[in-house]
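Take a look at the structure set out below.
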Amino acid sequence: MDNFQIFISYRRDGGEFLAGRVSDKLSNMGYSVFYDIESMRSGTFNTQIFDAIDQCADVLLVLPPNGLDRCADEGDWVRKEIEYSLNSGKNIIPLLMNGFKFPNDMPASIAPVAMREGVLVNSHYFDAVINRICTLMESKPQGPTEKESEELKNGVRFLSRKMYAQASACFEREICNNMSSPEAYFYAAVAKLEGRRPFLVSRPVIGEIEKYIESAIAYGERALYYYFHAYVKNDHYEKKMLRTTPSSAELLRMATVLGITEAEKTELFELIGTSKPAGF
């Protein structure tokens, strides 16, 4: 078995998407994460789970609404994971999803988990959630991160030289190699503009660009991604008097909340190869 640092405990009903998203993000940051699949948990409780917990310093406990209700059953696998982690002295970090509340009648064997410092999960501020998790963990990144990818480095070099086809090919290869790389999706979206204003780009291509941006936001919420999306919305749709949701104003507000800087704005338009419009 691999040497894991972080164990993610979750219930498939309501918690699987967040567990997968957290696993992808932390793995891309260089952590070694154990995120099992449902097939491992069918039938008799798999001893591989305990072996993985033994290796890990940190246990992330994903808690959707009613996520601990079934723990009244001594055979419930989430209960078993919590019990084993508590008994092993692991650093347990509850991830509290919207609507979750600790039950009043939790089994005594897992009740101490309610006293552990947790993280409130807000999907609109996912990067902030990840940052908070990292401050509470004992583990430190050990592996290479997505920023060290040669495909990304080469793609950005091609992009800066306005070699858009070569840049796009690099970013597509990076996405194939690492489907949860937000930077790859972001740069792929920029490359699709090919140095043009969104106003001059066809609707099908704009659709592709927006899918890339939305993927970038899904995997690594950053102010820059919202800001770029706002620019695309404003220049392609709103300047043509077309309705679009969300609006550029809504996306700009999100970018502001997340802390977009003037330096990021300048670098973005230098990368795109167009002038920054008034109001941006």
Side-chain angles (χ1 to χ4, degrees), residues 21 25 28 123-128 130-131 146-147 149 151-172 174-175 178-240 242-280:
R21 192 176 177 193
K25 182 65 175 179
N28 287 336
S123 60
H124 294 298
Y125 302 97
F126 187 66
D127 272 8
I130 293 295
N131 290 340
E146 62 191 1
K147 291 183 180 179
S149 162
E151 292 289 4
L152 278 176
K153 289 180 181 178
N154 291 334
V156 173
R157 291 191 189 101
F158 283 128
L159 192 57
S160 65
R161 297 170 186 170
K162 304 186 187 306
M163 301 170 68
Y164 301 114
Q166 294 89 332
S168 291
C170 288
F171 301 137
E172 287 294 342
E174 176 64 10
I175 290 169
N178 181 7
M179 292 185 66
S180 57
S181 169
E183 286 193 316
Y185 290 108
F186 166 69
Y187 285 123
V190 174
K192 277 286 182 182
L193 284 176
E194 297 184 347
R196 299 167 292 174
R197 285 178 46 191
F199 188 91
L200 302 174
V201 177
S202 69
R203 184 70 57 81
V205 174
I206 287 294
E208 293 178 33
I209 289 170
E210 290 196 89
K211 286 180 181 178
Y212 281 131
I213 301 173
E214 288 163 2
S215 295
I217 291 171
Y219 287 114
E221 190 175 54
R222 284 184 58 192
L224 181 61
Y225 304 158
Y226 281 101
Y227 180 79
F228 179 41
H229 201 182
Y231 168 61
V232 172
K233 290 278 193 179
N234 176 265
D235 202 64
H236 183 81
Y237 295 99
E238 294 166 359
K239 288 191 175 179
K240 297 178 181 179
L242 299 172
R243 296 181 63 181
T244 182
T245 304
S247 68
S248 64
E250 291 172 307
L251 293 166
L252 279 175
R253 279 195 295 270
M254 198 65 188
T256 301
V257 168
L258 292 176
I260 187 72
T261 67
E262 289 302 319
E264 287 178 312
K265 295 177 184 180
T266 299
E267 289 175 6
L268 173 63
F269 285 102
E270 287 178 353
L271 197 61
I272 295 173
T274 59
S275 300
K276 184 171 72 170
F280 275 80

Provide the closest heavy-atom pair for I272 versus R196 in the form atom of the first, atom of the second, distance.
-> CG2-O, 4.4 Å
For L251 and P246, which heavy atoms make the closest approach, and how far apart are they?
-> CD2-CG, 3.8 Å
Give every residue pair that meets the side-chain hydrogen bond (donor to acceptor under 3.5 Å, both in side chains) criterion with at least one member in residues 242-253, sequence neighbours excluded.
-> K233-T244, E238-S248, S247-E250
From E174 CD over to S181 OG, what is the distance, rounded to the nearest 0.5 angstrom?
-> 4.5 Å
Would you list the atom pairs, donor with acceptor, under 3.5 Å between side chains in residues 254-266 and any protein atom, with sequence neighbours excluded?
from, atom 1, to, atom 2, distance (Å)
T256, OG1, L252, O, 2.9
T261, OG1, E264, N, 3.1
T261, OG1, E264, OE1, 3.4
E262, OE2, K265, NZ, 3.1
E264, OE1, T261, N, 3.0
E264, OE2, R222, NH2, 3.3
T266, OG1, E262, O, 3.1

Where do Y187 and L152 come nearest, in terms of heavy atoms and distance?
-> CD1-CD2, 4.1 Å
Got a sec, which residues hit side chain to side chain contact (heavy atoms under 4.5 Å, CB included) with P277, two or more places apart in sequence or on another chain?
-> Y231, K239, F269, F280
Measure the spacing between NE2 of H229 and CD1 of I213 and express it to the nearest 0.5 Å.
-> 5.0 Å
Checking side chain to side chain contact (heavy atoms under 4.5 Å, CB included) for the pair K25/Y219: CA distance, chi angles, key distance, verdict?
-> CA-CA 7 Å; K25 182 65 175 179; Y219 287 114; over 6 Å; no
Step by step, work out the side chain to side chain contact (heavy atoms under 4.5 Å, CB included) result for I217 and F126.
-> CA-CA 9 Å; I217 291 171; F126 187 66; over 6 Å; no
Set of ring-ring contact (aromatic ring centres under 6.0 Å, His included) partners for F186, sequence neighbours left out | Y225, F228
For residues 158-167, which side-chain N or O atoms pair as donor and acceptor with protein atoms under 3.5 Å away, sequence neighbours left out?
from, atom 1, to, atom 2, distance (Å)
S160, OG, V156, O, 3.4
S160, OG, R157, O, 2.7
Y164, OH, G195, N, 3.4

Check residues 197-206 and write down every donor-acceptor pair under 3.5 Å in which the side-chain atom is one partner and the other belongs to a residue at least two apart or another chain.
from, atom 1, to, atom 2, distance (Å)
R197, NE, D235, OD1, 3.3
R197, NE, D235, OD2, 3.1
R197, NH2, D235, OD1, 3.0
R203, NE, H236, NE2, 3.1

With a 4.5 Å limit on heavy-atom distance, are the side chains of I175 and Y185 in contact?
-> yes
From M179 CE over to S215 OG, what is the distance, rounded to the nearest 0.5 angstrom?
-> 8.5 Å
